[in-house]
Amino acid sequence: MGKLSVSPALVLRHVDYRDADRVVTLFTRDLGRISGLARGVRRSTKRFGGRLDLFTLAEVQFREGRGLYHLESATLLSAHLGIRADLLRISWAAHLSELTQKLCAEEQPHPRAFQVLARAMAFLSDAREVDEGALRGAELALLMDAGYSPELDACVVCRRPVGGGGRFHFVVTRGGCVCDRCMPGPSGIPVAEEVCTRLSEAARAWPDETKVLGLDEVSLRQAREILDAFVGYHVGGRMKSARMLQDLLSSPGR
Ligand SMILES: [Zn+2]
């Protein structure tokens, strides 16, 4: 029998397997992302109940197996029930979960990313309003933890600080902001100083603090464009969840 481990874990994804089983992708605090087989989870509620539902935080016992881990038991820490009643909250939770899966390789611990995601799920479940700015901060914090840090504080070419005058564009192929002196002519995404500084501050504050950015609709759209472009360029592949979230966020009357 393989070694038994216990760790707090967030449920990122699951896929039904055979008649009664399920393969569950977990983001564990101590071992990073793992995939485990939960036997009989769809036939009986005795062993796992709803404790391996999507976006749930549970203390999970798992044993090494061949290829997949075997999930032995789970103790509920938080069901994050507030997420389930609202499509926007579900879309955000799915988006951050999918991003985590893409950024974090299997069995590589990312304790900070774990804390960011756990706090983001709690925020999505409990907050009265789904503040997009705060969640963009979480998205950037996850990227930064994985080593993808867009330059938002200064021009990547001449180091002129953002906020020190002049206009800036975010150019994903250059890795961040470029000032108008270094890049004459329109290219990239035009960004306001406030968007760059607040986003950068918010990302650094996670997971200790959930900063509500208080950005207006235009600024939020800029933050969204920056991060969508950056994620698309670096993480690659299609983010299934990004499309749904984008549609929801840009739909009128939201
Ligand atoms: Zn410059």
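Atoms within a ligand are numbered from 1 in the order they appear, just like the ligands themselves. Here the structure is a predicted model, which means the values were calculated and not measured.
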>> Classify the ring geometry of Phe62 against Tyr69: parallel below 30°, tilted from 30° to 60°, perpendicular beyond 60°.
In response: perpendicular
> Do the rings of Phe230 and Tyr148 sit parallel, tilted or perpendicular, given the 30° and 60° boundaries?
Replying inline: perpendicular
>> Give me the atom names and distance for the closest heavy-atom approach of Leu87 to Leu248.
In response: O-CD1, 3.8 Å
>> Looking at every heavy atom in both His70 and Gly65, which two are closest together, and how far apart are they?
In response: CD2-CA, 3.8 Å
> Any luck finding a side-chain donor-acceptor pair between Asp216 and Ser219 under 3.5 Å?
Replying inline: yes
> Is any protein N, O or S atom closer than 2.8 Å to the Zn ion (ligand 1), and if so, which?
Replying inline: Cys155 SG, Cys158 SG, Cys179 SG, Cys182 SG
>> Main chain of Thr28, side chain of Ser7: is a donor-acceptor contact present, judged purely on distance under 3.5 Å?
In response: no
